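Notes for the one structure printed next.
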Amino acid sequence: QVQLVESGGGLVQAGGSLRLSCAASGSTVSINRMGWFRQAPGKQRELVATFTSGGTTNYADSVKGRFTISRDNAKNTVYLQMNSLKSEDTAVYYCWAYYPSSGSYWGQGTQVTVSS
């Protein structure tokens, strides 16, 4: 089992920045992939940025060049640095971890609101 706890969401003006953090606890050694998804009101949950276990990163086209995913393995923490935020980035952001043996785990979500 793994527990994921997000922090760092909030209200920011368009053009501003936020950094999200996701701390993983529990059986973190076997995590294959980690990253971030988001869900805006009335829309499906979508991928924002992810790591593979090999360190490859994957970004949604809509955030490339503005968002950066990083991690601190010693702290079992994944970060999402979000710059040049737009109103369309407003959503609940979820941390995600994947185990090949048992599937996906999700954090509780953190709200990001970008005012125009």
Side-chain angles (χ1 to χ4, degrees):
Q1 288 286 343
V2 64
Q3 295 79 44
L4 305 172
V5 179
E6 302 106 331
S7 61
L11 174 64
V12 64
Q13 288 188 334
S17 299
L18 284 173
R19 189 175 83 151
L20 305 183
S21 300
C22 172
S25 61
S27 302
T28 61
V29 174
S30 299
I31 292 177
N32 183 261
R33 286 175 279 172
M34 284 190 74
W36 296 91
F37 285 68
R38 67 186 181 187
Q39 188 167 18
K43 295 188 177 181
Q44 290 189 331
R45 192 172 297 189
E46 64 177 3
L47 179 148
V48 176
T50 62
F51 271 116
T52 67
S53 59
T56 303
T57 56
N58 183 36
Y59 292 94
D61 287 342
S62 60
V63 307
K64 284 181 181 177
R66 300 188 298 121
F67 291 11
T68 302
I69 189 171
S70 62
R71 62 187 178 188
D72 184 333
N73 290 333
K75 296 181 179 180
N76 291 323
T77 299
V78 172
Y79 303 97
L80 184 68
Q81 179 66 43
M82 305 185 293
N83 298 328
S84 302
L85 283 160
K86 305 176 182 179
S87 57
E88 52 262 44
D89 295 317
T90 295
V92 177
Y93 284 69
Y94 295 93
C95 183
W96 166 80
Y98 176 76
Y99 282 76
S101 60
S102 56
S104 292
Y105 292 83
W106 297 93
Q108 81 283 0
T110 185
Q111 177 70 46
V112 172
T113 303
V114 183
S115 63
S116 57

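When a residue number appears, it is its place in the shown sequence, counting from 1. On a predicted model such as this, the values are computed, not experimentally measured, just so you know. The figures that follow rest on heavy atoms only: side chains count, while hydrogens, waters and symmetry mates do not.
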Hydrophobic clusters here meaning ILVMFWY residues chained together by side-chain heavy-atom distances under 4.5 Å, can you tell me if [X] and [Y] are in one?
X: Y79; Y: M34; value: no
X: Y105; Y: I69; value: yes
X: F37; Y: L18; value: no

Exercise for the section: Decide salt bridge (charged side-chain N to carboxylate O under 4.0 Å, His left out) for K64 and D61; before the verdict, give the C-alpha distance in whole Å, the side-chain angles of both, and the deciding distance to 0.1 Å. Expected result: CA-CA 5 Å; K64 284 181 181 177; D61 287 342; 3.1 Å; yes

Residue list, side-chain hydrogen bond (donor to acceptor under 3.5 Å, both in side chains) with [X], at least two apart or on another chain:
X: S116; value: none
X: R19; value: none
X: N73; value: none
X: Q81; value: N83

Sub-4.5 Å side-chain heavy-atom contact between [X] and [Y]:
X: Y98; Y: T50; answer: no
X: M82; Y: V48; answer: no
X: L80; Y: V78; answer: no
X: Y94; Y: L4; answer: no
X: L85; Y: F67; answer: yes

Identify each donor-acceptor pair in which a side-chain atom of residues 6-14 lies under 3.5 Å from a protein atom, sequence neighbours left out, and give them as a table.
from, atom 1, to, atom 2, distance (Å)
E6, OE1, Q108, N, 3.0
E6, OE1, Q108, NE2, 3.4
E6, OE1, G109, N, 2.9
E6, OE2, C95, N, 2.7
E6, OE2, G109, N, 3.2

Mind checking the [atom1]-[atom2] spacing from [X] to [Y]? Nearest 0.5 Å is all I need.
X: C22; Y: K75; atom1: SG; atom2: NZ; answer: 14.0 Å
X: F51; Y: T57; atom1: CZ; atom2: OG1; answer: 6.5 Å
X: R38; Y: R45; atom1: CZ; atom2: CZ; answer: 13.0 Å

Exercise for the section: Would you kindly say whether S104 and W96 are connected by a side-chain donor-acceptor distance under 3.5 Å? Expected result: yes

Problem - Check: T77 side chain, A23 main-chain N or O, donor-acceptor pair, under 3.5 Å - result: no

Practice task
Applying side chain to side chain contact (heavy atoms under 4.5 Å, CB included), name anything that partners K43, two or more places apart in sequence or on another chain.
Solution key: A40

